[in-house]
Protein chains: 2
Amino acid sequence: MFTGCAPVTAPIRIGDKWTAKIIRCLQDGPRRFSELKVPLTGITPKVLTESLRAMERDGLVTRTAHPGIPPKVVYELAPLGHSLVGPLDTMCAWSRANLPQVLSARESYESR
Amino acid sequence: MFTGCAPVTAPIRIGDKWTAKIIRCLQDGPRRFSELKVPLTGITPKVLTESLRAMERDGLVTRTAHPGIPPKVVYELAPLGHSLVGPLDTMCAWSRANLPQVLSARESYESR
DNA sequence: CAGTATCCCCCGGGATACTG
DNA sequence: CAGTATCCCGGGGGATACTG
């Protein structure tokens with residue numbers, strides 16, 4: 001979540017388990033419910049639904065239901081959600097650059 | 001935490017409740033244990049200790065105990081921790097810029 | 001001052017099964 | 001296919017009290 005910005009009464013939960021991953025899955029175009037489940041290995045339909053609803057509520061994604069049988073529902077990043085891709089990349093870059101250091105810090109902390 | 005970067009086996013928990021805030025409290029210089037408790041309103045000593053230990057373990061902060069009575073322990077951002085300030089700023093900037101949109105998105109979602 | 005020591009609670013998230 | 005409906009569990013985090 002977006003912390004450190006003083007008393008923000010309504011924190012955006014980017015720190016939860018799935019939101020960031022979902023944004024990544026949607027950043028290259030719209031995806032259907034079942035298409036999201038594949039890369040998000042291990043997510044259950046219940047949790048995926050909850051996450052998507054929350055993101056929809058916050059204006060990060062849009063949900064479009066195409067009527068018919070079988071049903072087809074498409075999720076897409078809203079502009080607001082897209083604007084998060086940059087910041088996410090920043091964090092990812094940090095992680096990729098510094099993870100080794102963190103790991104070795106942990107090791108030297110252990111053996112001590 | 002740093003998600004969306006593929007199976008990172010050891011995620012850094014920036015998404016937890018306190019880590020980011022602690023970094024903010026330390027970014028302008030070292031602070032003592034009790035000095036940290038003030039801006040981190042509501043944190044209990046137990047949780048602050050746990051958070052600090054985890055950050056120390058990951059090489060984000062250093063802990064220096066000055067012997068004597070009363071005890072004096074100083075926490076300081078390690079280089080690795082300092083390198084997180086930039087990314088954190090990025091997220092903060094996003095939050096400040098887009099929080100109003102999120103809030104209004106929530107409202108229009110509610111009334112519907 | 002800088003922590004430990006206990007106890008406890010909530011809820012995010014998982015497992016499984018069922019349905020329009 | 002795209003979800004609901006239930007049930008359930010662990011652990012992050014809080015409250016409170018105590019100590020070197």
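Convention: sequence-line order gives letters A, B, ...; per-chain numbering from 1. What you see is a predicted model; the values in this text were computed from it and never measured.
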Verify side chain to side chain contact (heavy atoms under 4.5 Å, CB included) between L88(B) and R24(B), making sure each step is shown before the conclusion. CA-CA 9 Å; L88(B) 240 37; R24(B) 291 256 101 118; 3.9 Å; yes
Take E56(A) and T62(A), measure what side chain to side chain contact (heavy atoms under 4.5 Å, CB included) needs, and give me the verdict at the end. CA-CA 6 Å; E56(A) 196 192 348; T62(A) 59; over 6 Å; no
Audit row: E107(B), S111(B), side chain to side chain contact (heavy atoms under 4.5 Å, CB included) steps and yes/no: CA-CA 6 Å; E107(B) 275 194 56; S111(B) 60; 5.8 Å; no
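Rounded to whole Å, atom P of dG13(C) lies 13 Å from atom CG of L40(A). Atom NZ of K37(B) is separated from atom P of dA2(C) by 9 Å (rounded to the nearest Å). The separation between I69(A) atom CD1 and dT19(C) atom P is 16 Å, rounded to whole Å. Look at CD1 on I43(B): it is 14 Å from C1' on dA15(D), rounded to the nearest Å. Rounding to whole angstrom units, CD of residue E35(B) and C1' of dA2(C) are separated by 12 Å. For R31(A) and dA2(D), the CZ to C1' distance is 17 Å, given to the nearest whole Å. For the pair K17(B) NZ and dC9(C) C1', the computed distance is 13 Å after rounding to whole Å.
Judged by distance alone, with hydrogens and angles left aside, the side-chain atoms of S95(A) form no donor-acceptor pair with the main-chain N or O of M91(A) at under 3.5 Å.
Distance CD1/I22(B) to CZ/R31(B): 13.5 Å, rounded to 0.5 Å. For the atom pair CD (E76(A)) and CZ (R63(A)), the distance works out to 14.0 Å, reported to the nearest 0.5 Å. Rounding to the nearest 0.5 Å places OH of Y75(B) at 4.5 Å from CG of L52(B).
For P45(A), taking side-chain heavy atoms from C-beta onward, the closest of the listed nucleotides dT4(D), dG14(C), dA2(C) is dT4(D). Which of dG13(D), dC1(C), dA17(C) sits closest to the side chain of P71(B) comes down to dC1(C). Taking the side chain of W18(A) as heavy atoms from C-beta on, and the options dA2(C), dG13(C), dA17(C), the nearest nucleotide is dG13(C). Here the side chain of D16(B) is nearest to one of dG13(C), dG13(D), dG14(D), namely dG13(D).
A sub-4.0 Å separation between OP1 or OP2 of dA2(D) and a side-chain N or O of R32(A) is present. An OP1 or OP2 oxygen of dC1(C) is reached within less than 4.0 angstrom by no side-chain nitrogen or oxygen of Y75(B). OP1 or OP2 of dG3(D) lies within a sub-4.0 Å distance of a side-chain N or O belonging to R63(A). Of the side-chain N and O atoms in S34(A), one or more sit less than 4.0 angstrom from OP1 or OP2 of dA2(D).
Each of T19(A), D89(A), L60(A) was checked for a side-chain contact (heavy atoms from CB on, under 4.5 Å) with L84(A), and the lone residue meeting it is L60(A).
L40(B) and I23(B) fall within a single hydrophobic cluster, where Ile, Leu, Val, Met, Phe, Trp and Tyr are joined by side-chain heavy atoms under 4.5 Å apart, directly or via other members. No chain of hydrophobic side-chain contacts below 4.5 Å, direct or via other Ile, Leu, Val, Met, Phe, Trp or Tyr residues, connects V74(B) to F33(B).
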Wobble G-U and Watson-Crick pairs count when both distances are under 3.5 Å; given that, what is the 5' to 3' dot-bracket string of DNA chain D, with | for pairing to other strands? ||||||||||||||||||||
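Only K46(B), T49(B), R53(B), listed by number, bring a heavy atom of residues 46-55 of chain B to less than 4.0 angstrom from any atom of DNA chain C.
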